[in-house]
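Take a look at the structure below.
To find a chain, count down the sequence lines: A is the first, B the second, and so on, and within it residues start at 1.
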Amino acid sequence: MDFGPYLMLAIMEGALTAAVLALTASGLALVFGVMRVVNVAHGEFFMLGAVLAWWVTQLAGGSPVLGFLLALCVVPVLVGMLAAFVDMTILKRINYDPERTIVATIGILYILQQVTLMTYGPEARPVAPPFNARIALPWIDMSDGTLRLYWPWGLSITSYKLFVIGAACVVLLGLWALMTKTKLGLLMRATEQDREMALAFGIPVQRIYAIAFGLGAGMAALAAVLIVPIQQAHYLMGGDPLLLSFIVVIIGGLGSLPGAILAALLIGLSDGIISIFFSPTLAKIFATLFVAFVLVFRPKGLWGTGKP
Amino acid sequence: MLKLEAVSAGYGSAQVLRTVSFEAKAGEILCLVGRNGAGKTTTMKAIMGLLPEMKGKVVVDGTVLSDLPSHKVPFYGIGYVPQGRRLFGALTVAENLSVGCLTNDKDTTVLEEVLRVFPRLKERLAQRADTLSGGEQQMLAMGRAMCLRPKVLLLDEPTEGLQPSMVLTIRDAADLMRRRGVAVVLVEQRLDAITALADKVVMLENGQVRGKLSRAQLASENDRLCDLLGV
Ligand SMILES: Nc1ncnc2c1ncn2[C@@H]1O[C@H](COP(=O)(O)OP(=O)(O)OP(=O)(O)O)[C@@H](O)[C@H]1O
Ligand SMILES: [Mg+2]
């Protein structure tokens with residue numbers, strides 16, 4: 001394959017990684033922004049999303065479309081409710097103290113992981129994609145001075161991958177609308193700005209925290225439901241999304257949603273491109289080095305403004 | 001209207017207020033005075049139910065506020081203008097005001113009324129609160145509290161660091177609230193403001209009430225007041 005089509009393929013793969021990462025990381029950014037706590041169990045909510053998606057599709061029986069649609073609607077809500085419950089029973093009790101929250105969410109991480117191992121088992125299980133047509137992509141050839149479209153061999157993407165990218169864009173737009181256009185969004189942003197003043201003006205901060213924590217975990221679960229037909233569900237799959245989400249949230253500026261989405265795009269695309277041209281390991285090394293540079297030279301994130 | 005009965009409160013291990021009692025009636029301005037660190041801001045927070053530990057009672061119109069969770073307090077008509085303004089900085093002026101309206105979101109006219117008192121805010125509704133000038137921020141902090149149609153308005157050094165004309169604007173707003181029958185608790189350091197506005201003065205020292213003056217006593221007890229304010 002020529003360089004041009006090859007790059008195009010890498011960008012497509014990168015866009016897929018970016019889309020899923022943007023969903024997962026914006027959940028983490030939301031929780032950190034509104035509640036000022038670091039949720040180390042975020043990756044396990046992702047894992048739970050994938051595992052539950054497998055279960056739901058099994059329960060739904062034959063039709064992959066029906067099973068997938070069911071999982072897409074039900075799983076994020078289930079995981080979100082579980083997270084809200086964790087917030088109300090555990091995080092509330094330790095008063096959202098930053099250090100103790102880290103320790104508590106590490107505990108939650110292991111509980112979720114081990115319970116999954118005990119019930120779901122150590123196998124990686126695939127979920128059938130609801131549709132998976134291969135779409136060949138055209139490329140422009142300009143070699144003999146005239147423009148000519150042709151279909152290079154191997155330059156293609158599946159309809160499902162395109163769907164994931166599209167769905168991520170829709171969900172992120174929805175999240176943006178929720179945060180900026182609705183009353184709930186206003187309450188969350190006010191709480192993020194000044195918790196005490198939010199209380200003084202009648203905002204039930206405790207409930208807002210439970211909602212934000214549930215919403216953040218629900219975003220991770222949604223990302224997992226979308227990716228599981230490509231990746232398979234496994235009880236240890238939460239590690240990578242957690243690490244990458246942290247990287248993205250740091251690069252994007254702690255707690256900033258637009259920053260997280262831009263950073264996910266940057267990390268996802270570079271991951272796709274470096275993985276295809278060089279190796280996936282190099283891509284991870286690059287991301288880690290990049291976050292180290294950001295921490296040293298722009299500790300508030302590439303697009304960070306004032307707040308620490 | 002607002003009554004504190006033997007309120008003791010503090011932050012964790014540090015007790016700040018010791019058996020503070022006073023009463024602010026509807027349509028009067030009560031000036032709370034005392035040196036830096038006397039516990040004036042702590043008293044305001046105690047009324048809002050924002051302190052972790054607290055004994056005694058805060059009563060408004062027969063309701064014991066101190067029994068309620070803090071986010072329920074504003075629903076009983078308590079408007080709070082905190083020291084240092086504490087706006088929601090990343091939110092716009094309009095959004096800050098709508099947070100102020102949360103407790104009475106069926107009231108559609110209050111926003112217009114507030115913007116009539118502070119017309120400068122009307123021109124800046126879409127601007128981020130943290131880009132406003134200091135005076136505008138103070139107007140917004142006042143406006144935000146006025147949006148909940150307070151029966152009790154708590155003003156914590158609302159004119160700190162403002163130019164004279166802005167000081168007058170804020171004082172006029174406090175006076176307007178008094179004329180509308182609001183019980184205003186005003187923390188003030190400047191003697192001229194106290195003599196111009198106060199219907200009564202409560203003097204705070206080391207977290208305790210050291211004395212109360214009526215408006216009539218203000219002139220005769222001027223020395224004591226000056227001594228307390230350190231002027
Ligand atoms: N968050 C806190 N934790 C612990 N102690 C506090 C806290 N806030 C205030 N204090 C202490 O409580 C005491 C009273 O503080 P407060 O802010 O009520 O004083 P103030 O009368 O409002 O003073 P100023 O005129 O400087 O505003 C001070 O000794 C202060 O150090
Ligand atoms: Mg003070």
Would you compute the distance between atom [atom1] of [X] and atom [atom2] of [Y] and round it to the nearest 0.5 angstrom?
X: B:Thr103; Y: A:Phe201; atom1: OG1; atom2: CZ; result: 9.0 Å
X: A:Gln206; Y: B:Ser70; atom1: CD; atom2: OG; result: 9.5 Å
X: A:Glu192; Y: B:Leu91; atom1: CD; atom2: CG; result: 9.0 Å
X: A:Gln193; Y: B:Asp130; atom1: CD; atom2: CG; result: 7.5 Å

Residue among [options] with most heavy-atom pairs under 4.5 Å to chain A:
options: B:Cys101, B:Ala90, B:Cys147; value: B:Ala90
options: B:Ser98, B:Pro74, B:Gly79; value: B:Pro74
options: B:Gly89, B:Gly49, B:Pro69; value: B:Gly89

Give a yes or no on whether [X] atom [atom1] has more than 12 heavy-atom contacts from other residues, nucleotides or ligands under 6.0 Å away.
X: A:Phe85; atom1: CZ; answer: no
X: B:Lys151; atom1: NZ; answer: yes
X: A:Arg207; atom1: CZ; answer: no
X: B:Tyr76; atom1: OH; answer: no

With a 4.5 angstrom heavy-atom cut-off, could you sort out which part of [X] is near chain A: side chain, backbone, both or neither?
X: B:Tyr80; result: both
X: B:Val73; result: neither
X: B:Leu50; result: both

Search all heavy atoms of B:Phe88 against all heavy atoms of A:Asp194 and return the closest pair with its distance.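 Reported closest heavy-atom pair: CE2-O, 3.8 Å.
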
Taking all atoms of both residues into account, what is the closest heavy-atom pair of A:Leu186 and B:Glu95, and its distance?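 Taking A:Leu186 first and B:Glu95 second, the nearest heavy atoms are CD1-CB, 3.7 Å.
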
May I ask you to test the [X]-[Y] pair for a side-chain heavy-atom distance under 4.5 Å?
X: A:Val205; Y: B:His71; result: no
X: A:Glu196; Y: B:Arg86; result: yes
X: B:Leu102; Y: A:Leu187; result: yes

